[in-house]
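In what follows, every heavy atom counts, from backbone to side chain, and hydrogens, waters and symmetry copies are set aside. Every chain is numbered from 1 and lettered A, B, ... according to where its sequence line falls, protein lines coming before strand lines.
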Number of protein chains: 2
Amino acid sequence: MSSPSSTGRGRPPRLDRARTLQTALDLLDRSGLDALTMRQLAEAMEVRAGALYRYFATKQDLLTAMAERMMDGVADAAAEPCGGDWSERLTALARAMRTALLARRDGARVFAGTHSTGENILGFADTVVGVMRAAGFPDDDAARALYTVANFTVGHTLEEQAALQRGDAGPADPGVLADTVAAGKYPHLQAGLPTLTSTDFTRLFEFGLDLLIEGLRARR
Amino acid sequence: MSSPSSTGRGRPPRLDRARTLQTALDLLDRSGLDALTMRQLAEAMEVRAGALYRYFATKQDLLTAMAERMMDGVADAAAEPCGGDWSERLTALARAMRTALLARRDGARVFAGTHSTGENILGFADTVVGVMRAAGFPDDDAARALYTVANFTVGHTLEEQAALQRGDAGPADPGVLADTVAAGKYPHLQAGLPTLTSTDFTRLFEFGLDLLIEGLRARR
DNA sequence: ACCTGAACACCGTTCAAGT
DNA sequence: ACCTGAACACCGTTCAAGT
């Protein structure tokens, strides 16, 4: 064990993994992913950028640890609907994942850009597959359901946070879209305009999630 | 009209939007998104980086144009299943989108990071909504179906290309996962291991797409 | 009109040297 | 053991000046 702060020898460290991670998450919320640089983080911790590399080998490692931490407690959502069947549990898990990503600025982008193998995501994955197996789904369908729900949730939340950051009112920007569509081309988009520019991302997410659940029900 | 190369005055330009865009796409395929810098692109075009800004106001604008170009012809996929019903057409459109993103290195990342309002994506969106409306779906469900299918497709392909770039054999890396899972925790992941480490991303995509189609069928 | 040269204000990362 | 200082090899973007 030659990892940092292993014994009481030497100066007490001004840095540690946990505090660095927390400061990084705070900085993410304040400034967004593009402004989350090793130098800005170092400044927030009152050290030089080089010092951070004692605790995270690369910035990618830091981002992975951030993604892992975002998923803290998400798997517990399966236990919430006590008497719930598989569909209620799976719905609760997907909602909890979206909520966790939405809870931090650029949360979906951070998650999509990393590949954690920590206990929070593995625990989440195990829980989802477990719910499906307990419901009688074969192992391969249970595994595929995990990916489908997770990929949809990430894809949706990526779009949702991007639209929020762009300042769009809803899934599509009303101003831009209305002008283009009014020209006469895209008649179907014109018909869908109220929904396309609606602000209700939650309803959009629930729609897609419901499709997946119904599709799984049909397969069972 | 004071845009570049408007009249025959002055030196013939060594640069233009179309050639720059094509070179950028070629460079993307050769080097990947992280190595696609304005300086590297300029070098490939034998100019200095500053010259590119006469044709694209920002790098983000260039990436948006790249994403738009990737979607070229994707909407045509709806016409392919000639006698097909809405479900076959929607399936064809989703497959065509995934194929288009897979066709270029980091295609999904480029697409997810931009927000084109060009005729290729608007045409794609209009076509998808049109297929759903023609099938009798109400306008709001048609619009939501578009987002659900698109967000799932982007989310899936993002994961697929990330796994390919990581060199994983399948959706999850066998080596890493097998070790962690063998420890005894995550019993459900252990059961799903064959599928989780399977190399068949196409099958995974088709599974999710089928769930969405079946969910839509149930709603209609 | 189109491009160069040079700068501005940054990046992630490394590593000898200090304490 | 832990951090600084300084460097390396880059970024995106701007803009006066050349041709």
Side-chain angles (χ1 to χ4, degrees), chain A residues 1-21 23-24 27-28 30-67 106 109-110 113-115 165, chain B residues 1-21 23-24 27-28 30-67 106 109-110 113-115 165:
Chain A
M1 274 292 175
S2 65
S3 67
S5 62
S6 49
T7 65
R9 276 305 133 257
R11 221 180 317 289
R14 301 157 57 197
L15 244 39
D16 63 84
R17 252 191 155 253
R19 213 171 69 81
T20 305
L21 189 51
T23 309
L27 186 57
L28 179 69
R30 273 204 311 280
S31 313
L33 182 56
D34 293 334
L36 175 65
T37 68
M38 295 302 267
R39 285 164 202 266
Q40 286 297 312
L41 176 57
E43 190 172 314
M45 308 208 63
E46 295 180 296
V47 294
R48 304 295 152 192
L52 298 171
Y53 290 82
R54 192 166 300 274
Y55 301 93
F56 295 94
T58 63
K59 185 182 182 181
Q60 191 61 34
D61 278 18
L62 172 65
L63 289 168
T64 301
M66 291 169 72
D106 294 326
R109 260 171 84 200
V110 171
T114 56
H115 178 59
Q165 200 149 344
Chain B
M1 274 293 175
S2 65
S3 67
S5 63
S6 49
T7 66
R9 276 306 133 258
R11 219 178 319 287
R14 302 157 57 197
L15 245 38
D16 64 83
R17 249 189 158 256
R19 214 172 68 82
T20 306
L21 189 51
T23 309
L27 186 57
L28 179 69
R30 273 204 311 280
S31 314
L33 182 55
D34 294 333
L36 176 65
T37 68
M38 295 303 266
R39 286 164 200 265
Q40 286 296 312
L41 176 57
E43 190 173 314
M45 309 209 63
E46 295 180 295
V47 295
R48 304 295 152 192
L52 298 172
Y53 289 82
R54 192 166 301 273
Y55 301 93
F56 295 94
T58 62
K59 185 182 182 182
Q60 190 60 34
D61 277 19
L62 171 64
L63 290 169
T64 301
M66 292 169 72
D106 294 326
R109 259 171 84 200
V110 171
T114 57
H115 178 59
Q165 199 148 345

What distance do A/E43 atom CD and A/R48 atom CZ have between them, rounded to the nearest 0.5 Å?
8.5 Å

When you check the phosphate oxygens OP1 and OP2 of D/dT4, does a side-chain N or O of A/R14 lie under 4.0 Å from one of them?
yes

Please tell me which of the listed nucleotides, C/dC3, D/dC2, D/dT13, lies nearest to the side chain of A/Y55?
D/dC2

When rounded to whole Å, the CD to P distance for the pair B/Q60 and D/dG12 reads 12 Å

Would the distance check show the side chain of A/R19 and the main-chain N or O of A/R14 forming a donor-acceptor pair, the cut-off being under 3.5 Å?
yes

C/dT14 P sits how many Å from A/D61 CG, rounded?
11 Å

Rounded off to whole Å, could you give me the CD-to-C1' distance for the B/E43 and D/dC11 pair?
14 Å

Same-atom distance (C1') from D/dA17 to C/dA1, integer angstrom:
14 Å

Nearest-Å distance for atom pair CZ/C1', residues A/R54 and C/dG18
13 Å

Nearest 0.5 angstrom please: B/F56 CZ to B/M38 CE, how far?
8.0 Å

State, to 0.1 Å, how close B/A24 and B/L62 come at their nearest heavy-atom pair, and which atoms those are.
CB-CD1, 4.1 Å

Nearest heavy-atom approach of B/D16 to B/A18 is OD1-N, 3.0 Å

Expected list for residues 46-53 of chain B near DNA chain D, using heavy atoms below 4.0 Å, is B/A49, B/G50, B/Y53

Identify, residue by residue, the members of residues 30-41 of chain A with a heavy atom below 4.0 Å from DNA chain C, and return them in order of residue number, or none.
A/T37, A/M38, A/R39, A/Q40

Once you round to the nearest 0.5 Å, how far does NZ of B/K59 lie from CE of B/M66?
9.0 Å

Distance in Å, B/R30 CZ paired with B/T23 OG1, rounded so as to fall on 0.5 Å steps
8.5 Å

Between D/dT13, C/dT13, D/dC3, which nucleotide gets closest to the side-chain atoms of A/K59?
C/dT13

Looking at side-chain heavy atoms only, is the closest gap between A/T114 and A/Q60 below 4.5 Å?
yes

Dot-bracket for DNA chain D: what is it, with Watson-Crick or G-U pairs under 3.5 Å, [ ] where a pair crosses earlier ones, and | for a pair to another strand?
||.|||||...|||||.||

Can you check the distance between C/dC3 and D/dA16, where both ends of the measurement are the C1' atom (answer in whole Å)?
12 Å

Quick one: CG on B/D106 to CG on B/L36, what's the gap to the nearest 0.5 Å?
9.5 Å

Using modelled atom types and a 3.5 Å cut-off, is there a donor and acceptor pairing between side-chain atoms of A/Y55 and backbone atoms of A/T20?
no

Nearest-0.5 Å distance that lies between atom CG in B/D61 and atom CG in B/L52
12.5 Å

